[in-house]
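Structure first, then comments.
It should be emphasised that the depicted structure is a prediction, and the values quoted were computed from it without experimental measurement. Note that ligands are numbered from 1 as they come in the structure, with each ligand's atoms numbered from 1 the same way. Numbers here are sequence positions counted from 1.
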Amino acid sequence: MGPLLRALIFDVDGTLADTEREGHRLAFNQAFAELGLGWQWSEALYGELLAVTGGKERIERYLERYPQGRSLPGDRSGFVAELHRRKTRIFLDLLVSGAIPLRPGVERLLGEAHAQGVRLAIATTTAPENVAMLLRYAGTRDLGDWFEVVAAGDEVPAKKPAPDVYDLVLARLGLNPADCLVIEDSDNGVAAAHGAGIGALVVTLNAYTAGQDFSSVPLVVDQLGEPGAPARALRGRLGPNGYVDMALLRRLHAEAPGAGGIGA
Ligand code: XBP
Ligand code: MG
């Protein structure tokens, strides 16, 4: 028998909730407006900028690519940090207002895992306070206490697609890659998990990640799904009930416990 499934590790943005288009993007735009910058990130431009993970890094990329950066003050990184602090405050207000719900099936699956004693962790690029507020306000109860470990992008030298944040989660859990299964929504997230040697992966697509290459992942679905509102599998197969549950995750994990098992 292979290793037991001991922990589920979740990405946050795009996976637990559809935070990008009507969440982070709006918060960036509002911060730009507050500072009178006259910058506007359209849905399409934001989709391009998402190739860079991390909000501060995303602003830096924008400034490198577009002429807006030329007129900025000398202390570029201090300016970006202040801009990002504003953006985070605005994003937190959005979360507290309940404007960003969890994706379908997320709270159900977390509850199932918790009830079965499977440990829960988060590997994200965003800030820990964003995660705490999302978990507090997006579900029907504060889900934060179900998560044993939250590892965030600014805690590690390199953000996704580097494996650092997944390595940190494994160290904090005290588990091996083969004990875990990851749920992600993006190619950068998949690369990070694979880089840390975690092989069992589920991808829940969203509008920004639907066109990405997930050929190395055993199960790709449009959402986790709920009883009566099934998910759609774009790669791999769902169980008879048509949604992602712990029985399905245990099967996937047994079939591909480590990175070596991927695509086999
Ligand atoms: C998510 C991100 C984040 C958010 C913004 O990537 O790249 O940067 O867009 O968050 P992933 P911050 O889902 O792969 O972790 O502005 O707080 O960085
Ligand atoms: Mg994501």
Side-chain angles (χ1 to χ4, degrees), residues 8-32 39 41 43 45-63 77 80-95 100 102-103 106 121-135 138 147 149-156 158-169 182-196 198 201-212 214 217 220-224:
L8 296 185
I9 309 173
F10 284 84
D11 167 52
V12 175
D13 291 303
T15 300
L16 293 184
D18 225 336
T19 51
E20 296 291 7
R21 192 171 48 192
E22 305 306 327
H24 290 295
R25 186 182 70 90
L26 296 189
F28 281 113
N29 281 334
Q30 195 176 321
F32 302 156
W39 306 346
W41 286 359
E43 289 180 22
L45 172 60
Y46 193 68
E48 288 168 32
L49 293 170
L50 276 175
V52 182
T53 61
K56 292 186 285 291
E57 293 79 356
R58 193 164 298 139
I59 297 169
E60 296 276 9
R61 168 65 63 89
Y62 176 70
L63 295 177
S77 66
V80 169
E82 166 54 20
L83 186 51
H84 190 256
R85 266 194 296 279
R86 270 176 192 269
K87 175 261 166 181
T88 299
R89 183 183 43 68
I90 296 162
F91 183 68
L92 288 171
D93 286 346
L94 272 176
L95 292 174
I100 303 178
L102 295 176
R103 293 190 67 184
V106 167
I122 279 182
T124 183
T125 297
T126 201
E129 61 264 40
N130 289 346
V131 179
M133 287 299 161
L134 180 77
L135 292 175
F147 285 88
V149 165
V150 175
D154 282 340
E155 293 184 276
V156 290
K159 293 182 177 173
K160 300 173 188 177
D164 305 28
V165 74
Y166 278 101
D167 289 336
L168 182 61
V169 168
V182 166
I183 302 186
E184 269 284 358
D185 74 306
S186 72
D187 51 5
N188 278 327
V190 167
H194 279 175
I198 307 172
L201 264 141
V202 177
V203 171
T204 55
L205 295 175
N206 56 61
Y208 278 130
T209 64
Q212 296 177 353
F214 294 116
V217 171
V220 179
V221 286
D222 64 339
Q223 54 169 311
L224 295 174

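Using a 4.0 Å cutoff on heavy atoms, Gly189 does not count as a contact of ligand 1. For the ligand labelled ligand 1, residue His84 lies inside the 4.0 Å heavy-atom shell. Put simply, part of Asp11 is less than 4.0 Å from ligand 1, judged by heavy atoms.
The shortest contact between atom 8 (O) of ligand 1 and any protein heavy atom is with Gly54 N, 2.9 Å. The protein atom (non-hydrogen) at minimum distance from atom 1 (C) of ligand 1 is Asp13 OD2, 3.4 Å. In terms of protein heavy-atom proximity, atom 18 (O) of ligand 1 is nearest to Gly55 N, 2.7 Å. For atom 2 (C) of ligand 1, the closest heavy atom belonging to the protein is Arg58 NH2, 3.5 Å.
In this structure, the side chain of Thr53 engages the main chain of Lys160 through a donor-acceptor pair within 3.5 Å. Without hydrogens or angle criteria, Thr15 side chain to Phe10 main chain gives no donor-acceptor distance under 3.5 Å.
Glu184 lies apart from the Mg ion (ligand 2) in this respect, since none of its N, O or S atoms is found at a distance under 2.8 Å.
Not one N or O of Lys56 is nearer than 3.5 Å to an N or O of ligand 1, by distance alone. Considering backbone and side-chain N/O atoms, Thr125 comes within less than 3.5 Å of an N/O atom of ligand 1. Remark: ligand 1 and Glu20 share an N or O pair separated by less than 3.5 Å (distance only, no angle test).
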Dump the intermediate steps for salt bridge (charged side-chain N to carboxylate O under 4.0 Å, His left out) on Asp154 and Lys159, then the final yes or no. CA-CA 8 Å; Asp154 282 340; Lys159 293 182 177 173; 3.0 Å; yes
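Here CD1 of Ile100 is found 6.5 Å from OG1 of Thr19. Values are rounded to the nearest 0.5 Å. Distance check: Asp222 CG to Arg103 CZ gives 7.5 Å after rounding to the nearest 0.5 Å. Note that CH2 of Trp39 is 7.0 Å distant from CD1 of Ile59, once rounded to the nearest 0.5 Å. Rounding to the nearest 0.5 angstrom, the gap separating the CZ atom in Arg86 from the CD atom in Gln30 is 10.0 Å. The NE2 atom of His84 sits 8.0 Å away from the CZ atom of Arg58 when rounded to the nearest 0.5 Å. How far OG1 of Thr126 is from CG of Asp13: 5.0 Å, rounded to the nearest 0.5 Å.
Listed by number with element, the atoms of ligand 1 under 4.0 angstrom from any heavy atom of Ala127 are 17 (O). The ligand atoms of ligand 1 that sit less than 4.0 angstrom from a heavy atom of Tyr46 are 9 (O). In summary, the atoms of ligand 1 found under 4.0 Å from a heavy atom of Asn130, numbered by their order in the structure, are 17 (O). Of all the atoms in ligand 1, the ones that sit under 4.0 Å from a non-hydrogen atom of Lys160 are 11 (P), 14 (O), 15 (O). Within the listing of ligand 1, atoms 10 (O), 12 (P), 17 (O) sit less than 4.0 angstrom from a heavy atom of Thr126. Atoms of ligand 1 found under 4.0 Å from any heavy atom of Thr53 (numbered from 1 in listed order, with element): 7 (O).
Shortest distance from the Mg ion (ligand 2) to Asp185 is reached at OD1 (N/O/S atoms only). Per residue Asp11, closest N, O or S atom to the Mg ion (ligand 2): atom name OD2. Looking only at its N/O/S atoms, Asp13 has O as the one nearest to the Mg ion (ligand 2).
Considering every non-hydrogen atom in both Val169 and Ala151, the closest pair reads CG2-CB, 3.5 Å.
Taking the six-membered ring where the residue is Trp, Phe28 and Trp41 present tilted rings, their angle falling between 30° and 60°.
With contacts defined as side-chain heavy-atom distances shorter than 4.5 Å, the pair Met133/Phe91 does not qualify. Residues Gln212 and Asn188 fail the side-chain proximity criterion, which asks for heavy atoms closer than 4.5 Å.
Using a 4.0 Å cut-off between heavy atoms, Lys87 contacts ligand 1 through its side chain alone, with no backbone atom that close.
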